[in-house]
Amino acid sequence: MASAQVRQRPALTNELARRLVDAATSAAEELGQPSTIAVVDESGHLNALARMDGAALLTIDIAQDKAYTAAGFGMPTDQWHDFIKDDQPLAMGAPTGIRRLIIFGGGLPIAVDGAVVGGIGVSGGHWSDDIKIAKAALAVLES
C-alpha cells in the first residue's frame, strides 16, 4: 500500500509563523535591538521573515541559518558549541563543513506536542540577547 510508504509530519502554519515574528519583533523593540527574525518550517524552508529598520544586512542570512540549524537538528543553536568542543574532528569539520550550521545562540526549535514543526532564528545583537528575543516569541505557543 503506497500510503504506508509516505511520511506525514506536522508543520507550522504561516499564521503561526507570522505571530512568532510579530512577538519577536516586539521583544526586540523592547530591548532596543534592531533585528532580523526568521521562521522556517520543519524542513528548513523559510515561512516568515522580518528585518527591522536598522538591522544590519548580514542579519538576514544569519537569522535564517539559525532557524534552519534549530529546525534541522531539533536543538537550540547555542548548544552546538558544547556539543562539538571536546570532539576535535567534529569541532574542526562541523562549522566549516556543514553548510548553514550556526554554533552560537539565537536559533530555537519550534515544538508543538513534542514534534519539531520549525525553527526560529534571531540576529541583531549579542547571541545572548538574540536568545531572549527568540524565547519571548515562543511564548506565543503557550497562549
Side-chain angles (χ1 to χ4, degrees), residues 2-87 90-143:
S3 63
Q5 298 174 2
V6 175
R7 268 187 317 179
Q8 293 186 3
R9 298 184 280 189
L12 77 163
T13 63
N14 182 255
E15 177 187 352
L16 176 57
R18 287 183 286 124
R19 286 177 48 215
L20 291 164
V21 166
D22 290 345
T25 300
S26 293
E29 287 172 346
E30 287 178 21
L31 283 176
Q33 178 178 304
S35 301
T36 296
I37 300 99
V39 174
V40 300
D41 66 17
E42 80 292 349
S43 297
H45 299 289
L46 185 63
N47 192 313
L49 178 113
R51 177 182 176 209
M52 296 172 63
D53 292 341
L57 177 63
L58 289 178
T59 63
I60 298 168
D61 287 339
I62 296 168
Q64 289 180 74
D65 289 350
K66 287 180 179 185
Y68 180 87
T69 300
F73 288 98
M75 70 184 209
T77 57
D78 65 299
Q79 291 181 6
W80 269 94
H81 176 73
D82 286 340
F83 184 70
I84 67 174
K85 71 178 181 172
D86 296 324
D87 184 329
L90 194 55
M92 296 286 292
T96 58
I98 301 174
R99 194 173 76 83
R100 300 185 68 185
L101 177 68
I102 298 291
I103 63 167
F104 49 88
L108 298 175
I110 302 167
V112 175
D113 296 329
V116 174
V117 297
I120 184 168
V122 177
S123 179
H126 189 270
W127 59 265
S128 60
D129 291 325
D130 293 345
I131 292 172
K132 291 175 191 171
I133 294 167
K135 285 183 176 180
L138 292 184
V140 164
L141 299 174
E142 298 168 12
S143 61

Return the set of residues passing side-chain hydrogen bond (donor to acceptor under 3.5 Å, both in side chains) with His45 (not counting sequence neighbours), or none when no residue passes.
none
Here the pair of heavy atoms bringing Gly107 nearest to Ala70 is C-CB, 3.7 Å
Just grab all the ring-ring contact (aromatic ring centres under 6.0 Å, His included) pairs involving residues 4-39, residues at least two apart or on different chains.
none
Minimum-distance pair of heavy atoms, taken over all atoms of Ala55 and Pro34:
N-CB, 3.6 Å
Can you name the closest pair of heavy atoms from Gly74 and Val116 and give their distance?
CA-CG2, 4.1 Å
List, one per line, each side-chain donor-acceptor pair under 3.5 Å for residues 15-28, sequence neighbours excluded.
| unit_1 | atom_1 | unit_2 | atom_2 | d |
| --- | --- | --- | --- | --- |
| Arg18 | NE | Asn14 | OD1 | 2.6 |
| Thr25 | OG1 | Val21 | O | 2.8 |
| Ser26 | OG | Asp22 | O | 3.3 |

Going by the salt bridge (charged side-chain N to carboxylate O under 4.0 Å, His left out) test, which pairs reach into residues 23-46, not counting sequence neighbours?
none
Using 0.5 Å steps for rounding, measure from the CG atom of Asp78 to the CD1 atom of Ile131.
4.0 Å
List the residues meeting side-chain hydrogen bond (donor to acceptor under 3.5 Å, both in side chains) with Ser35, not counting sequence neighbours, and say none if there are none.
Gln33
Distance (rounded to the nearest 0.5 Å) between Ser128 OG and Ile133 CD1:
10.0 Å
Please report, to 0.1 Å, the donor-acceptor pairs under 3.5 Å made by any side chain of residues 61-68, with sequence neighbours excluded.
| unit_1 | atom_1 | unit_2 | atom_2 | d |
| --- | --- | --- | --- | --- |
| Gln64 | NE2 | Ile60 | O | 3.2 |
| Asp65 | OD1 | Arg100 | NE | 2.7 |
| Asp65 | OD1 | Arg100 | NH2 | 3.3 |
| Lys66 | NZ | Gly105 | O | 2.8 |
| Lys66 | NZ | Val122 | O | 2.9 |
| Lys66 | NZ | Asp130 | OD2 | 2.9 |

Distance, nearest 0.5 Å, that separates OG1 of Thr77 from CD of Gln79:
9.0 Å
Nearest non-hydrogen partners of Ile120 and Ala134, listed with the distance
CG2-CB, 4.1 Å
Does any part of the side chain of Leu138, heavy atoms only, come nearer than 4.5 Å to the side chain of Lys135, both counted from C-beta?
no
Looking at every heavy atom in both Val40 and Ala71, which two are closest together, and how far apart are they?
CG2-CB, 3.7 Å
Contact summary for Leu101 and Trp80, nearest pair of heavy atoms
CD1-CE2, 3.6 Å
